Visitor: 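This structure is in structure tokens; I'll ask about it shortly.
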Amino acid sequence: RAAAGDRRLDQVDYWIAECTLQLGRSDEARELFERLYSGWRANRTDGLAPAAIYPAAAYRIGICFLRTPEPRYVHALFAFQRAVRDFPRAEVDAEVAVSMAACYAQIEREDKAVEELFGLLKADTGGDGSTGRLQLDKAVGTLMARLGDQPGNVRARAYFYIAQAAFRRAERERSDRTAIAAQSVGYYERVLAENPPADMRDAARLGLARAALLAGNEERGLAELRRLRADPATQARDREFANRLLGEHYRAKGLTREAIRAFRGEGDGAGVQP
């Protein structure tokens, strides 16, 4: 690279950035990836370099934010969303697909993180009138459309994070709570359709039950909890969590006797004694 002087060698610069990232110097790598991405946006690219390095660099910026000692989920998701927008036809590898979904789940934990992300999105588009939520929903929709090309275990993990994010959003937003919670149920169903490992399967079933109850579908939510409690393959910690969810549901409805039995793991076909 030094021998080339000021000549553009974007392919070499990309290799240097990738090696730097793998060496654990994520901030240094991000500067190099940002330089490649900025060159593409300014229409200053290396005609001899493969076109695929530019979308790859845009996505790797997000990975760099996640490889820091304290992952910066908001900035990572912003970088992924920006890459989805600027490179709508680019391939998304498994690491990016799962990382983007995980960031989405993480930021939906609190209003502050969501507001910070939407501020970045608005500043990036120059206030073109589209809301941060609309931009984020479009990016997530694009990601889901691309998951079909990924292995089943990758799809399951990505759907799981997307389902978690939808549930957390439903908890936070009152106006559309029922509809968003119903979306979460659908995402959890996609997880289960991928025949995930046992730990993810049980977590998805618990998530589905919670989302169904939040959506007002009591019959579906309770049925899922009862099936999970009765299944001998359910791990002990997940059965205990199901007992607690069922007990809390009965307690909230004033059904004290049923709540006590649920907390103890009795009744409802659980087949588990306290």
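Note that the structure is a prediction, hence the values are computed from the model and not measured.
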Visitor: Who are the salt bridge (Lys or Arg N to Asp or Glu O under 4.0 Å) partners of Arg25, not counting sequence neighbours?
Guide: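 So Arg25 forms a salt bridge (Lys or Arg N to Asp or Glu O under 4.0 Å) with Glu28.
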
Visitor: Hey, is the main chain of Val185 close enough, under 3.5 Å, to the side chain of Arg220 for a donor-acceptor pair?
Guide: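 A pair under 3.5 Å: no.
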
Visitor: Would you please test Tyr250 and Leu245 for side-chain contact (heavy atoms from CB on, under 4.5 Å) and show each step?
Guide: CA-CA 9 Å; Tyr250 284 142; Leu245 289 176; over 6 Å; no

Visitor: Over all heavy atoms of both residues, which pair between Leu228 and Ala242 is shortest? Give the atoms and the distance, please.
Guide: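 Where Leu228 meets Ala242 most closely, the heavy atoms are CD2-CB, 3.8 Å.
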
Visitor: Any chance the side chains of Asn243 and Arg229 put a donor and an acceptor closer than 3.5 Å?
Guide: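 On atom types as modelled, these side chains qualify, holding a pair under 3.5 Å.
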
Visitor: Could you tell me if the side chain of Phe263 sits less than 4.5 Å from the side chain of Glu248, heavy atoms only?
Guide: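 The answer is yes; the side chains approach within 4.5 Å.
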
Visitor: A side-chain contact here means heavy atoms from C-beta on lying under 4.5 Å apart; do Met144 and Tyr187 qualify?
Guide: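 Side-chain contact under 4.5 Å: yes.
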
Visitor: Donor-acceptor pairs under 3.5 angstrom involving side-chain atoms of residues 83-95: please list them, not counting sequence neighbours.
Guide:
residue: Arg85; atom: NH1; partner: Asp124; partner atom: OD2; Å: 2.5
residue: Arg85; atom: NH2; partner: Asp124; partner atom: OD2; Å: 3.0
residue: Asp86; atom: OD2; partner: Tyr37; partner atom: OH; Å: 2.4
residue: Asp93; atom: OD1; partner: Glu95; partner atom: N; Å: 3.3
residue: Asp93; atom: OD1; partner: Val96; partner atom: N; Å: 2.8
residue: Glu95; atom: OE1; partner: Arg60; partner atom: NH1; Å: 3.2
residue: Glu95; atom: OE2; partner: Arg67; partner atom: NH2; Å: 3.0

Visitor: Which atom pairs, donor and acceptor, lie under 3.5 Å between side-chain atoms of residues 192-203 and protein residues at least two apart or in another chain?
Guide:
residue: Glu194; atom: OE1; partner: Arg155; partner atom: NE; Å: 3.4
residue: Glu194; atom: OE1; partner: Arg155; partner atom: NH2; Å: 2.9
residue: Glu194; atom: OE2; partner: Arg155; partner atom: NE; Å: 2.9
residue: Asp202; atom: OD2; partner: Gln235; partner atom: N; Å: 3.3

Visitor: Would you check if the side chain of Thr45 reaches a backbone N or O of Trp40 as a donor-acceptor pair within less than 3.5 Å?
Guide: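 Looks like no, no N/O pair under 3.5 Å.
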
Visitor: Taking all heavy atoms of Cys103 and all of Leu77, pick out the closest pair and write down the distance.
Guide: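 Of all heavy-atom pairs spanning Cys103 and Leu77, the closest is CB-CB, 3.9 Å.
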
Visitor: Can you give me the closest heavy-atom contact between Val154 and Ala97, atom names plus distance?
Guide: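 Scanning both residues, the minimum pair turns out to be CG1-CB, 4.5 Å.
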
Visitor: Would you please name every residue forming a side chain to side chain donor-acceptor pair (under 3.5 Å) with Tyr159, sequence neighbours left out?
Guide: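 For Tyr159 there are no side chain to side chain donor-acceptor pair (under 3.5 Å) partners, ignoring immediate neighbours.
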
Visitor: Among all residues two or more places apart in sequence or in another chain, which pass the side chain to side chain donor-acceptor pair (under 3.5 Å) test with Glu218?
Guide: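 Only His249, Lys253 meet the side chain to side chain donor-acceptor pair (under 3.5 Å) criterion with Glu218.
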
Visitor: Can you tell me how far apart CZ (Arg205) and CD (Glu189) are? Round to the nearest 0.5 Å.
Guide: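 So the CZ of Arg205 and the CD of Glu189 are separated by 13.0 Å.
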
Visitor: Is there a side-chain contact (heavy atoms from CB on, under 4.5 Å) between Leu48 and Gln11 once you walk through the steps?
Guide: CA-CA 8 Å; Leu48 298 178; Gln11 174 67 92; over 6 Å; no

Visitor: Minimum heavy-atom separation for Cys64 and Phe33, please, with both atom names.
Guide: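 Nearest pair, atom of Cys64 first, then Phe33: SG-CD1, 3.7 Å.
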
Visitor: Who pairs with Phe65 by ring-ring contact (aromatic ring centres under 6.0 Å, His included), at least two apart in sequence or on another chain?
Guide: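 Phe65: ring-ring contact (aromatic ring centres under 6.0 Å, His included) contacts with His75.
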
Visitor: Is a donor on one side and an acceptor on the other found under 3.5 Å between the side chain of Arg109 and the backbone of Arg168?
Guide: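 The answer is no, because no donor-acceptor pair under 3.5 Å joins these two groups.
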
Visitor: Nearest 0.5 Å please: distance from the CZ atom of Phe78 over to the CG atom of Leu117.
Guide: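 Between atom CZ of Phe78 and atom CG of Leu117 there are 8.5 Å.
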
Visitor: Just by modelled atom types, is the Asp231 backbone N or O under 3.5 Å from a matching donor or acceptor in the Thr234 side chain?
Guide: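 The answer is yes, because a donor-acceptor pair under 3.5 Å joins these two groups.
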
Visitor: Is there any ring pair (Phe, Tyr, Trp, His ring centres under 6.0 Å) pair reaching into residues 91-123, and which pairs are they, with sequence neighbours excluded?
Guide: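 As it turns out, there is no ring pair (Phe, Tyr, Trp, His ring centres under 6.0 Å) pair with a partner in residues 91-123 once direct neighbours are skipped.
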
Visitor: Checking Arg251 now: which residues fulfil side chain to side chain donor-acceptor pair (under 3.5 Å) with it, not counting sequence neighbours?
Guide: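 Partners of Arg251 by the side chain to side chain donor-acceptor pair (under 3.5 Å) criterion come out as none, since no residue qualifies.
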
Visitor: Check whether any side-chain heavy atom of Leu214 lies under 4.5 Å from a side-chain heavy atom of Glu171, and answer yes or no.
Guide: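 Of all side-chain heavy-atom pairs linking Glu171 with Leu214, at least one is under 4.5 Å.
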
Visitor: Of all heavy-atom pairs between Ser184 and Ala211, which one has the smallest distance, and what is that distance?
Guide: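 Here Ser184 and Ala211 meet closest at OG-CB, 3.6 Å.
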
Visitor: Can you tell me how far apart CG (Leu147) and OG1 (Thr142) are? Round to the nearest 0.5 Å.
Guide: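 Interatomic distance, Leu147 CG to Thr142 OG1, rounded to 0.5 Å: 11.0 Å.
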
Visitor: May I ask you to test the Leu32-Asp13 pair for a side-chain heavy-atom distance under 4.5 Å?
Guide: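 No, too far: nothing below the 4.5 Å cut-off.
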
Visitor: Please examine the side chains of Glu224 and Arg227, heavy atoms only from C-beta on, and report whether any two atoms are closer than 4.5 Å.
Guide: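 Answer yes - side chains close enough.
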
Visitor: Look at the side chain of Asn217 and the backbone N and O of Ala212, then say whether any donor-acceptor pair between them is shorter than 3.5 Å.
Guide: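 No; judged by distance alone, with no hydrogens or angles, the pair does not exist.
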
Visitor: Between Arg244 and Glu240, does any NZ, NE, NH1 or NH2 come within less than 4.0 Å of an OD or OE carboxylate oxygen?
Guide: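 No, this pair does not count.
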
Visitor: Using side chain to side chain donor-acceptor pair (under 3.5 Å) as the criterion, list what pairs up with Glu173, not counting sequence neighbours.
Guide: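 Glu173 satisfies side chain to side chain donor-acceptor pair (under 3.5 Å) with Arg169 once adjacent residues are dropped.
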
Visitor: Please round to the nearest 0.5 Å and tell me the distance separating atom CG of Leu225 and atom CG of Leu246.
Guide: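 Answer rounded to 0.5 Å: 5.5 Å.
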
Visitor: With sequence neighbours left out, write down each residue that passes salt bridge (Lys or Arg N to Asp or Glu O under 4.0 Å) with Arg172, or none if nothing qualifies.
Guide: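 Arg172 satisfies salt bridge (Lys or Arg N to Asp or Glu O under 4.0 Å) with Glu108, Asp111 once adjacent residues are dropped.
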
Visitor: State the CD-CD1 distance between Glu18 and Ile63, to the nearest 0.5 angstrom.
Guide: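 That separation rounds to 9.5 Å.
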
Visitor: If the condition is salt bridge (Lys or Arg N to Asp or Glu O under 4.0 Å), which residues does Asp238 pass it with, not counting sequence neighbours?
Guide: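 Applying salt bridge (Lys or Arg N to Asp or Glu O under 4.0 Å) to Asp238 gives none.
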
Visitor: What's the shortest heavy-atom distance between Asp10 and Ala49, and which atoms?
Guide: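 So the two residues come closest at CB-CB, 4.0 Å.
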
Visitor: Less than 4.5 Å apart, side chain to side chain, heavy atoms only: is that true for Lys138 and Leu134?
Guide: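 Of all side-chain heavy-atom pairs linking Leu134 with Lys138, at least one is under 4.5 Å.
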
Visitor: CZ of Arg174: more than 12 outside heavy atoms within 6.0 angstrom?
Guide: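 Counting neighbours around CZ of Arg174, 12 or fewer heavy atoms of other residues, nucleotides or ligands fall under 6.0 Å, so no.
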
Visitor: Under the rule for salt bridge (Lys or Arg N to Asp or Glu O under 4.0 Å), what residues qualify as partners of Arg257, not counting sequence neighbours?
Guide: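 Salt bridge (Lys or Arg N to Asp or Glu O under 4.0 Å) check on Arg257 returns nothing, list empty.
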
Visitor: Is it the case that one hydrophobic cluster holds both Leu222 and Phe167, taking links as side-chain heavy atoms less than 4.5 Å apart, direct or via other members?
Guide: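 No: no chain of side-chain contacts under 4.5 Å links Leu222 to Phe167.
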
Visitor: Might you work through the salt bridge (Lys or Arg N to Asp or Glu O under 4.0 Å) test for Lys122 and Glu116, ending with a clear yes or no?
Guide: CA-CA 10 Å; Lys122 183 177 180 180; Glu116 183 180 359; over 6 Å; no

Visitor: Below 4.5 Å, heavy atoms only, C-beta onward: do Tyr188 and Ile162 meet side chain to side chain?
Guide: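 Contact flag for Tyr188/Ile162 side chains = no.
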
Visitor: Rounded to the nearest 0.5 Å, how far apart are OG of Ser175 and CD1 of Ile180?
Guide: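 Ser175 OG to Ile180 CD1: 6.5 Å, rounded to 0.5 Å.
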
Visitor: Compare all side-chain heavy atoms of Asp137 with those of Arg133 and state whether any distance is below 4.5 angstrom.
Guide: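 A side-chain contact exists here, since the closest heavy-atom pair is under 4.5 Å.
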
Visitor: Report, as yes or no, whether the 6.0 Å neighbourhood of atom CZ on Phe241 holds more than 12 heavy atoms from other residues, nucleotides or ligands.
Guide: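 Check passes, neighbour count above 12.
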
